[in-house]
Structures are given as C-alpha cells and as structure tokens.
There are 2 protein chains.
Amino acid sequence: MSTKPKSPARPPSSAVEDYLERILGLINTKGYARVVDIAQSLDISQASVTNMVQRLDAEGLLNYEKYRGLVLTPAGEALAKNITHRHELLTDFLKLLGLDDAVIYHDVEGMEHHISPPTLRAIEALTAHLTRQPSLLARVREQLDAN
Amino acid sequence: MSTKPKSPARPPSSAVEDYLERILGLINTKGYARVVDIAQSLDISQASVTNMVQRLDAEGLLNYEKYRGLVLTPAGEALAKNITHRHELLTDFLKLLGLDDAVIYHDVEGMEHHISPPTLRAIEALTAHLTRQPSLLARVREQLDAN
DNA sequence: AATCTAATTTAGGCTTACCTAACTTTATTG
DNA sequence: CAATAAAGTTAGGTAAGCCTAAATTAGATT
C-alpha cells in the first residue's frame, strides 16, 4: 500500500509552504484561519488568498467551503508542521550565533524552503552541540560585533 | 558622489544572480560565456538565455552585442563575485558538517539567494572556529551517519 | 425583516521566467 | 566560395502568483 501520487508529485512551492505555515500558525494562536487573517499575515490581498485556498483545497491540503472557512487535512497539516519545524530549527540556530531578530526572521523566511532533511539534521545536531560550547559561541559573536 | 539608483533599486532576483554566477564561472573556466554555454549550464533553453542577457545588458550588468558575445560590467562582476562568495561559504560550511556533495549542491543553490551579510559573516566565523574543533565535528557527523 | 458592514469571491490584468518553433546570422569545411 | 551546421534571435505562448475593482454573501444591528 503506497501513497498515491496524483501527478508527477512535485514538491510544494515556496508559496504553498508559506500559506500552510501561516494557516497552521493562525489556527494555533486564534483557533481558526480566515481569508482576511491569512492575507494580513502574509501581507497580500484577500483575493490572492482566496485563489490559493481554492487551489490548496483542490490539491487536498485543506478542506474549504466557499464563504465558510477552512481546515487543514492530515496531508496539509503534515506539510505545515514540517515547514514550521524547519523554520524553528533555523531560527534557533541563527539565534545561537547571536544574530538580530529582524535579520533572522528575514533570512529564515527565505532559506527554510531550500533546506533538505539531511542538512536540517546536521544543523539540528550542530545546534545541540554548540549549546554546550559557550566559549566557542562567544568567539563567534565577538567577531560579529566587530562588524 | 553616490552610486546612482536607476529606479527603486530592487535587489537582484534569484534568476539574475544565477545567471551572473554561471557567467562568471564560465568566464573563469573557459575564458568566455556564450549563450549556448549558459543555457547548458543552467539547463534552460537558449531562447531564455538570449532574453535574460538582453535584460542584463539593459540593466548595465553586462555589455552585450547581438551575435557577438558578452562581457560583465564592473557592476555585474561585483554582483557575480558576491553571489559566488555566498555559494562558496555555504558550501564550505555544509562540507564541514559532513554532508553529501549532491545534497550540498542542491541546498546551497537555493539558500545562497536568501542569506544576508550578517548571517553570512556569522557562518563564516563559525566555520573558521569549527575547523579547529574536530571532536565537536566528529560528534555532529556521527549523529548524521546514524540517520 | 431591512439595512449596513465586513468578509469573501470573481473578473480581468500584470510581471517574471520559462518554453517551442521558425527564422537569421556566423562559422566551418569540402 | 558555396553549402551546411551550429549558434543566436524572434515571435508567440504558458504557468505561477500577485494585483485592483466590482460583485456577492454572511453576519450584526436595529
């Protein structure tokens, strides 16, 4: 019993990952994700959100009823949690290096879509080990502060 | 005497960076970069390359003469060297962590466009310090090999 | 229940970056 | 030096994601 690939099974686009990540975030903080909330969160128009939400419904990543709202399907939730995990791990790593929150937010937003599982695991392991090397971290941070 | 911003001075798109990076690479290895070479290197059609090369000429990033070839302008060369530097630094860092060449190539190709100068400097510093921590690196690599 | 407002949807367009097919120019070579 | 092959260009199209403006629906307030 294999998972059924509808078509060529392309990986989700960055845009799709961004939408799913925000939708999960909204559901976790507000309990729901309306079109207007998603639009505000991503700083795009409500019309664009409606389009994408219809597409995500067609792709089976969420269940959407016109004018009524949406819920993530198991597949959509899995993708959302996956991208959220990448986001958090990268954020933790860059925080450890002493970078600015604004810089971290910006860079992670871009990089999170391009990091494969092995690279993610390596950075996860590195972060864990570095946490117990405060002197090494201090030296890295010094070099940063010295512009 | 400030550098003159033609328009709103948007940052170069990922596509522009990819083209410039390959063009510089071809010039460094073959001495020149023809449309057909760039197309092969990026695995896209010659027609697409012709279009982009005309655009890069219009933007002052290279000088292009129809049917005759192209050379990078100082501005174009600066951008090309900048993205190449990001590529190399990220590659060095992931190599240090013990990742597969194929994985590294793929991930760096995506991430290089989304890493800001501060983050780059942090990773540069970290790479330098880690190089002198073989035992820490060994522990990270162990964790990777253990899937 | 009628009205008003906020949320949503539809329609029509735009830009980027790619494509194929057809054509033109340049370079090679017999 | 004419013919062929390779390289380059143009024309016309497509798909993803965004936009604004104009409907439409739902929900709240009287």
Side-chain angles (χ1 to χ4, degrees), chain A residues 6-23 26-27 30-71 76 79 83 109-110 112-114, chain B residues 6-23 26-27 30-71 76 79 83 109-110 112-114:
Chain A
K6 311 248 176 205
S7 310
R10 264 177 306 179
S13 70
S14 297
V16 166
E17 290 189 333
D18 283 338
Y19 277 91
L20 291 175
E21 186 177 8
R22 297 310 177 98
I23 289 169
L26 286 166
I27 288 174
K30 310 187 59 168
Y32 55 84
R34 291 179 307 170
V35 167
V36 67
D37 301 319
I38 301 166
Q40 272 189 346
S41 176
L42 290 172
D43 195 27
I44 61 184
S45 74
Q46 295 183 16
S48 298
V49 173
T50 294
N51 274 342
M52 179 60 92
V53 157
Q54 288 170 347
R55 176 182 144 191
L56 295 177
D57 177 278
E59 290 179 10
L61 298 174
L62 49 81
N63 290 321
Y64 173 61
E65 278 182 87
K66 245 187 182 182
Y67 298 107
R68 288 289 156 187
L70 59 89
V71 286
L79 280 181
I83 180 66
E109 208 61 53
E112 60 181 2
H113 305 293
H114 302 281
Chain B
K6 309 249 175 206
S7 311
R10 264 176 307 178
S13 69
S14 298
V16 165
E17 290 189 334
D18 282 338
Y19 276 93
L20 291 175
E21 186 177 8
R22 298 308 178 99
I23 289 169
L26 286 166
I27 289 174
K30 310 186 58 166
Y32 55 84
R34 292 177 307 170
V35 167
V36 68
D37 301 320
I38 301 167
Q40 272 189 346
S41 176
L42 290 172
D43 196 26
I44 59 184
S45 74
Q46 293 184 19
S48 298
V49 173
T50 295
N51 273 342
M52 180 60 92
V53 156
Q54 287 169 347
R55 175 181 146 193
L56 295 177
D57 178 279
E59 289 177 11
L61 298 174
L62 50 80
N63 290 321
Y64 172 61
E65 279 181 88
K66 244 188 183 183
Y67 299 108
R68 286 291 155 186
L70 58 88
V71 286
L79 280 182
I83 180 67
E109 207 62 52
E112 61 182 1
H113 305 294
H114 302 282

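Minimum atom distance to the side chain of B:V35 is reached by D:dG8, of the listed C:dA11, C:dC18, D:dG8. In this structure, of C:dT20, D:dC18, C:dT16, it is C:dT16 that holds the atom nearest to the side chain of B:R55. Taking the side chain of B:N51 as heavy atoms from C-beta on, and the options C:dC19, D:dA21, D:dA7, the nearest nucleotide is C:dC19. Nearest to the side-chain atoms of B:Y67 among the listed nucleotides D:dC18, C:dA21, C:dT26 stands C:dT26. Listed candidates were C:dA17, C:dT8, D:dC18. Nearest to the side chain of A:Y19 is D:dC18. Considering only the side chain of B:R10, C:dT16 comes nearest among C:dT8, C:dT24, C:dT16.
Phosphate proximity of D:dG17 to A:S13: present, with a side-chain N or O under 4.0 Å from OP1 or OP2. Of the side-chain N and O atoms in B:Q54, one or more sit less than 4.0 angstrom from OP1 or OP2 of D:dT10. In terms of phosphate contacts, A:T50 brings no side-chain nitrogen or oxygen within less than 4.0 Å of OP1 or OP2 of C:dT8. Within the 4.0 Å cut-off from OP1 or OP2 of D:dG17, not a single side-chain nitrogen or oxygen of A:S48 is found. Of the side-chain N and O atoms in A:K66, one or more sit less than 4.0 angstrom from OP1 or OP2 of C:dT10. At least one side-chain nitrogen or oxygen of A:R68 sits closer than 4.0 Å to the OP1 or OP2 atom of D:dG27.
The side-chain heavy atoms of B:H113 and B:D18, taken from C-beta on, include a pair separated by under 4.5 Å. Residues A:M52 and A:I44 are not in side-chain contact: their nearest non-hydrogen atoms beyond the backbone lie 4.5 Å or more apart. A:L70 places none of its side-chain heavy atoms less than 4.5 Å from the side chain of A:N63.
The distance from atom CE of B:M52 to atom P of D:dT10 is 16 Å, rounded to the nearest whole Å. Going from atom CD of B:E65 over to atom C1' of C:dT25 covers 15 Å, rounded to whole Å. Residue B:R34 contributes atom CZ, which lies 14 Å from atom C1' of C:dT25 at whole-angstrom precision. Per the geometry, CD belonging to B:Q40 stands 12 Å off C1' belonging to D:dA6, to the nearest Å. The OH atom of B:Y32 sits 18 Å away from the P atom of C:dT26 (whole-angstrom rounding). Protein atom CG of A:D57 is 15 Å distant from nucleotide atom P of C:dT8, rounded to whole Å. Rounded to an integer number of Å, the gap from A:Q46 CD to D:dT24 C1' is 14 Å. At whole-Å resolution of the value, CD1 in A:I38 and P in C:dT8 are 8 Å apart.
Shown here for A:A33 and A:L26, the closest heavy-atom pair between the two residues is CB-CB, 3.9 Å. Residue B:P12 comes nearest to B:E17 through the heavy atom pair CG-OE2, 3.9 Å, listed as atom of the first residue, atom of the second, then distance.
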